Protein chains: 2
Amino acid sequence: MGSASTPQQAGARRRRRLSADDWARAALAAIGEGGVAAVAVEPIAARLGATKGSFYWHFRDRRALLEAALRCWEREQTEAVIDAMEAEPDLVRRLRRLFASAIEGERRDPAELTLLAAAGDPAVDAVMRRVTDRRISYMARVFEDLGLPPATARSHALIAYNAYLGYLQLAHAAPEVLPRGQAARRRYLGDLVTALLPAS
Amino acid sequence: MGSASTPQQAGARRRRRLSADDWARAALAAIGEGGVAAVAVEPIAARLGATKGSFYWHFRDRRALLEAALRCWEREQTEAVIDAMEAEPDLVRRLRRLFASAIEGERRDPAELTLLAAAGDPAVDAVMRRVTDRRISYMARVFEDLGLPPATARSHALIAYNAYLGYLQLAHAAPEVLPRGQAARRRYLGDLVTALLPAS
DNA sequence: ACCTGAACACCGTTCAAGT
DNA sequence: ACCTGAACACCGTTCAAGT
């Protein structure tokens, strides 16, 4: 790719100095495109118009970059989503929104499946544990706010999240096995969760 | 197959000549231990006491080795399990056995989670699609044999498998969130599936 | 402070040469 | 037929040297 150097002049929007956050975001984008394995220093450096050597000023090693990318994802896909939900005062509608956003997430968050996928990597596992716990706890709290006793709220949230995870996996592993069409799938997950929530 | 006379001398090293199957099994073992990324030619060659060059006599490239390992897994964990189930004539007990073996599989088949994990790799995706379809179809047939109409049988199987996948994922991503203990977990999955199978 | 460029180790792949 | 050993490319990591 590299023709004559011309170090000062850069194509596109390649700025001179990079922050650790620039690297982390580029890594997160790479995860969405090619999975955890795509977090590779050299290609990302090339993409950012820098050298590998530069990378090691900002991060200790590849793993630290992975972890930073995962923290970005955690913030955006869990904390930010939960914050957005709080804007909806009607609790039942809030739950519906939550499910809807999770389903549409199939398209909007290519990283999620990829990360579920990367189970086994210690860095990934740590984030997944936090995120899983945070999401289930949040759902349980909404169920509690709806009037369910804490233990019931918790078990409903657990079961719903269990159903969601299996659905995500199925949708990826064997999509032709699921109902076809966005609407039909939403109904499927709705039915699934409804079946799981007798008291709801 | 068909072992030719293997002229070998007992020694600290492995036998002199390796078959493609030897490589495939070593690769499957590696997957169980370190995930798909652990399917690396050089370390596996070392483990087998051969050189990398030797590997390329048996396989076109690393990916072909991965695919061979996945076929081993598919045969052992899907076809062999289904064959074993057929030995149980009582259909309800057959289903119970199926679930029990899936749960215990958490321990016995380290590859399964790792493979669910590797979603995104084309070779892995292809096998997962086949295995998913095979398992759901098999369960659907048992439900049909139990007297359910085909469409109902299919949707029950789908829902049960959905629950199973989510459970596996949860058990790995956040085990502390699930009921503790083998018995309690089996009850949890039982309840989950029962809740999902109103007509059963 | 931030970055380059060369260096080295490791793994995938090829290949000429051995048995 | 089956394997070795050297070779090369690619990526992770280090480091001395540049601005």
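Keep in mind the model is a prediction, meaning the values are calculated, not measured.
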Asker: Starting from P on D:dC2, measure out to CZ on B:Phe59 and report it in whole angstrom.
Answerer: 12 Å
Asker: Over how many whole Å does the gap from B:Arg63 atom CZ to C:dT13 atom C1' extend?
Answerer: 16 Å
Asker: Determine whether the aromatic ring centres of residues B:Trp23 and B:Phe59 are separated by less than 6.0 angstrom.
Answerer: no
Asker: When you measure from the side chain of A:His58 to the backbone of A:Leu18, do you find a donor-acceptor pair of N or O atoms at a distance under 3.5 Å?
Answerer: yes
Asker: For D:dA1 and B:His58 - does any side-chain N or O of the residue sit under 4.0 Å from the phosphate oxygens OP1/OP2?
Answerer: no
Asker: Which whole-number value in Å describes the distance from B:Phe55 CZ to D:dA6 P?
Answerer: 21 Å
Asker: Counting only side-chain N and O atoms of A:Tyr56, is one of them less than 4.0 Å from OP1 or OP2 of D:dT14?
Answerer: no
Asker: Kindly express the pairing pattern of DNA chain D in dot-bracket notation, using | wherever a base pairs with another strand and counting only Watson-Crick or G-U pairs under 3.5 Å.
Answerer: ||.|||||...|||||.||
Asker: Choosing from D:dC3, C:dT13, D:dC11, which nucleotide comes nearest the side chain of B:Ser54?
Answerer: D:dC3
Asker: Take the protein atom CD1 of B:Ile44 and the nucleotide atom C1' of C:dT13, then report the distance between them rounded to whole Å.
Answerer: 15 Å
Asker: What I want to check is whether the side chains of B:Asp61 and B:Tyr56 have a donor and an acceptor closer together than 3.5 Å.
Answerer: no
Asker: Of all the choices, D:dG12, C:dC2, C:dG12, which nucleotide is nearest to the side chain of A:Trp57 once you look at every atom?
Answerer: C:dC2
Asker: Less than 4.0 Å between a side-chain N and a carboxylate O, is that true for B:Glu86 and B:Arg94?
Answerer: yes
Asker: Measure from CG on B:Asp61 to C1' on C:dC11 and round the result to the nearest Å.
Answerer: 14 Å
Asker: Does B:Arg47 pair with B:Glu42 as a salt bridge, N-O distance under 4.0 Å?
Answerer: no
Asker: Nearest of D:dC11, C:dA1, C:dC11 to any side-chain atom of A:Arg17?
Answerer: C:dA1
Asker: Rounded to whole angstrom units, what separation is found between the CG atom of A:Asp22 and the P atom of C:dC3?
Answerer: 9 Å
Asker: Under 3.5 Å, is there a donor-acceptor pair between the A:Gln169 and A:Tyr164 side chains?
Answerer: no
Asker: Are the side chains of B:Leu115 and B:Ile31 in touch, meaning some heavy atoms are under 4.5 Å apart?
Answerer: yes
Asker: Atom CD of B:Glu42 and atom C1' of D:dC3: how far apart are they, to the nearest Å?
Answerer: 16 Å
Asker: Could you tell me how far apart A:Leu65 (CG) and D:dG12 (P) are, to the nearest whole angstrom?
Answerer: 10 Å
Asker: Is there a donor and acceptor pair, one atom on the side chain of B:Lys52 and one on the base of D:dG5, closer than 3.5 Å?
Answerer: no
